[in-house]
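Positions are given from 1, in the same order as the sequence printed here. Quick caveat: nothing in here was measured; it's all calculated off a predicted structure.
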Amino acid sequence: MSWKPALFEYVSAANARETEPIAVETLLPAERARLRRLAASYADRGAKPLGCDTRLIIRREREREREVVADLELRRTVYVRTRGVEHAEDRVDRERVTLQRSDEGAWTVSRAEPIVQERHAGGPASGFGDDGAPGARTAPFLNERVLVRSYSEGWERASLYDREAARDYAERHWNEPNPQFIHFDVDCTNYVSQCLYAGGAPMTYSAGRESGWWYRGRSGNREHWSYSWTVAHALHWYLMGGRNEGLAADRAADPADLSIGDVICYDFDGDGRFEHSAIVTGADGSGMPLVNAHTTNSRARYWDYRDSYAWTDRTEYRFFRIRDRF
């Protein structure tokens with residue numbers, strides 16, 4: 001008997017639980033807890049899930065006589081209505097599923113876990129390091145969009161953050177990485193930095209990776225970037241810096257105060273170290289932010305991330321309004 005029907009049944013049941021998040025006792029505790037949080041999130045935001053479509057891609061399989069381990073990509077679209085306004089939330093989950101065959105020959109899923117956790121600082125720790133896949137650029141990036149011609153003084157900086165351009169980039173590359181930049185398994189902050197750059201934020205170069213906000217590309221068989229470009233905690237501190245020029249931000253007290261192109265940082269453990277970043281790309285029917293992100297590639301995902309395995313009851317957020325003038 002083939003193991004694939006059992007896998008398809010597992011995916012079908014998981015698909016149904018996205019819109020009717022029932023904590024089934026046969027599931028692993030982490031999945032039961034996630035479904036309870038998801039149900040509470042829908043209730044708290046006054047949202048009704050209308051349906052879910054999931055496309056299954058088997059990326060890798062390792063078969064033994066009585067066991068199969070399969071690496072899956074689950075491309076989910078959940079349709080949600082909030083206060084009469086409908087939108088679609090896209091998420092690409094990567095799972096490693098173990099199936100076992102009984103003495104009678106029946107296959108069942110015995111274990112499922114995310115391949116890459118969202119609870120991660122990001123950047124070099126993703127496993128690629130400085131020698132990861134090269135980008136197409138080999139020289140320092142210059143954001144020509146932030147320069148305008150001044151006939152009296154030559155080149156001078158433009159003043160406004162183009163929030164729509166940041167959003168458009170986020171939409172274009174939410175599940176298709178830009179080959180001009182290195183891509184990590186844990187890619188959330190690298191992606192957010194690219195979106196900010198696409199909106200016109202000028203890079204601030206420095207001699208060391210510990211300061212500034214920049215990406216130089218590949219040189220001498222190595223990729224070069226600042227920690228603030230690729231590491232969630234470092235970007236968080238960079239945005240907290242209170243600088244008056246270049247990429248700068250002000251803290252917001254409430255997510256409802258955020259607009260397209262603003263940034264949310266996540267400390268899932270509540271230990272003061274921020275592990276995830278996302279960029280605001282829209283709002284639901286109640287005016288609350290929807291975000292795009294990488295690692296678990298997401299589009300128009302509800303901002304609170306209670307649908308994530310990484311979320312805990314200690315999770316804390318920092319809301320950043322990117323300043324409109326550079």
Side-chain angles (χ1 to χ4, degrees), residues 1-43 47-80 87-120 127 174-176 185-188 268 276 293-302 304-312:
M1 180 185 296
S2 171
W3 52 271
K4 289 187 177 179
L7 180 60
F8 296 146
E9 183 178 345
Y10 161 78
V11 172
S12 178
N15 185 65
R17 289 193 296 270
E18 288 293 315
T19 54
E20 296 182 12
I22 302 170
V24 181
E25 289 304 313
T26 56
L27 299 175
L28 294 174
E31 176 65 0
R32 294 202 302 271
R34 189 190 75 85
L35 291 171
R36 284 193 291 267
R37 293 196 304 269
L38 181 58
S41 178
Y42 283 142
K48 178 178 177 55
L50 304 175
C52 179
D53 295 328
T54 299
R55 178 187 175 193
L56 167 64
I57 300 174
I58 302 174
R59 290 298 186 189
R60 184 183 179 191
E61 56 193 71
R62 299 172 291 286
E63 296 190 41
R64 301 186 181 92
E65 182 180 355
R66 303 187 64 165
E67 181 182 89
V68 173
V69 178
D71 291 351
L72 311 179
E73 184 174 287
L74 302 169
R75 300 188 176 189
R76 292 191 170 101
T77 301
V78 182
Y79 303 94
V80 181
H87 74 276
E89 302 184 7
D90 293 303
R91 191 175 78 245
V92 181
D93 293 324
R94 290 180 288 167
E95 294 185 359
R96 180 162 293 142
V97 173
T98 302
L99 302 98
Q100 294 184 328
R101 184 168 63 85
S102 69
D103 292 338
E104 292 75 26
W107 288 94
T108 57
V109 173
S110 61
R111 184 175 180 82
E113 57 188 350
I115 293 175
V116 178
Q117 290 279 359
E118 290 178 307
R119 188 186 298 134
H120 202 300
W174 78 270
N175 198 36
E176 293 185 5
D185 277 353
V186 181
D187 196 57
C188 58
F268 291 118
H276 186 61
H294 273 191
T295 303
T296 294
N297 293 351
S298 305
R299 176 184 175 274
R301 187 173 182 176
Y302 192 67
D304 70 4
Y305 262 67
R306 279 193 282 175
D307 62 348
S308 171
Y309 288 108
W311 196 93
T312 73

Chemist: Any salt bridge linking Arg111 with Glu113? Criterion: basic side-chain nitrogen under 4.0 Å from a carboxylate oxygen.
Modeler: yes
Chemist: Should Leu74 and Leu56 be marked as a side chain to side chain contact (heavy atoms under 4.5 Å, CB included) after you check the CA-CA gap, both sets of side-chain angles, and the distance that decides it?
Modeler: CA-CA 5 Å; Leu74 302 169; Leu56 167 64; 3.6 Å; yes
Chemist: If the condition is side chain to side chain donor-acceptor pair (under 3.5 Å), which residues does Asn15 pass it with, not counting sequence neighbours?
Modeler: Thr54
Chemist: Once you round to the nearest 0.5 Å, how far does OG1 of Thr312 lie from CZ of Arg37?
Modeler: 8.0 Å
Chemist: Evaluate the criterion side chain to side chain contact (heavy atoms under 4.5 Å, CB included) for residue pair Asp307 and Arg34; output intermediate values, then yes/no.
Modeler: CA-CA 6 Å; Asp307 62 348; Arg34 189 190 75 85; 4.0 Å; yes
Chemist: Indicate the atoms forming the closest heavy-atom contact of Val97 with Val109, along with that distance.
Modeler: CG1-CG1, 3.6 Å
Chemist: Report the distance from atom CZ of Arg299 to atom CG of Asp90, rounding to the nearest 0.5 Å.
Modeler: 5.5 Å
Chemist: Closest heavy-atom contact between Ala310 and Phe268?
Modeler: O-CB, 3.4 Å
Chemist: In terms of side-chain geometry, is the basic nitrogen of Asp71 or Arg62 positioned less than 4.0 Å from the acidic oxygen of its partner?
Modeler: yes
Chemist: Looking only at non-hydrogen atoms, find the nearest pair between Thr19 and Gly51 and report the distance.
Modeler: CG2-C, 3.3 Å
Chemist: Give a yes or no on this: more than 12 heavy atoms of other residues, nucleotides or ligands lie within 6.0 Å of atom CZ of Arg66.
Modeler: yes
Chemist: If you look at every heavy atom in Pro114 and Tyr309, which pair is closest and at what distance?
Modeler: CG-CD1, 3.9 Å
Chemist: Once you round to the nearest 0.5 Å, how far does CZ of Arg59 lie from CD1 of Ile115?
Modeler: 10.0 Å
Chemist: Got a salt bridge between Glu118 and Arg301, using NZ or NE/NH1/NH2 to carboxylate O under 4.0 Å?
Modeler: yes
Chemist: Specify the closest pair of heavy atoms between Glu18 and Cys52, including all atoms of both residues, with the distance to one decimal.
Modeler: CB-SG, 3.9 Å
Chemist: Locate the shortest heavy-atom distance separating Pro49 from Tyr42; write the atom from each residue and the value.
Modeler: CG-CE1, 3.7 Å
Chemist: How long is the span from the CZ atom in Arg17 to the CZ atom in Arg32, to the nearest 0.5 Å?
Modeler: 11.5 Å
Chemist: Do Asp304 and Ser41 come within less than 4.5 Å of each other through their side chains, counting heavy atoms only?
Modeler: yes
Chemist: How far apart are the C-alpha atoms of Ile58 and Leu72, what are their side-chain angles, what is the distance that settles it, and do they pass the side chain to side chain contact (heavy atoms under 4.5 Å, CB included) test?
Modeler: CA-CA 5 Å; Ile58 302 174; Leu72 311 179; 4.0 Å; yes
Chemist: How far does CG of Leu99 sit from OG of Ser110, to the nearest 0.5 angstrom?
Modeler: 7.0 Å
Chemist: Quick one, Trp107 with Leu7, criterion side chain to side chain contact (heavy atoms under 4.5 Å, CB included). Give me CA distance, side-chain angles, the key distance, then yes/no.
Modeler: CA-CA 9 Å; Trp107 288 94; Leu7 180 60; over 6 Å; no
Chemist: For Glu67, does the CD atom sit with more than 12 other heavy atoms under 6.0 Å from it, leaving out its own atoms?
Modeler: yes
Chemist: Determine whether a donor-acceptor pair (N or O, by modelled atom type, separation under 3.5 Å) exists between the side chain of His294 and the backbone of Val186.
Modeler: no
Chemist: Rounded to the nearest 0.5 Å, what separation is found between the OG atom of Ser298 and the CG atom of Asp93?
Modeler: 7.5 Å
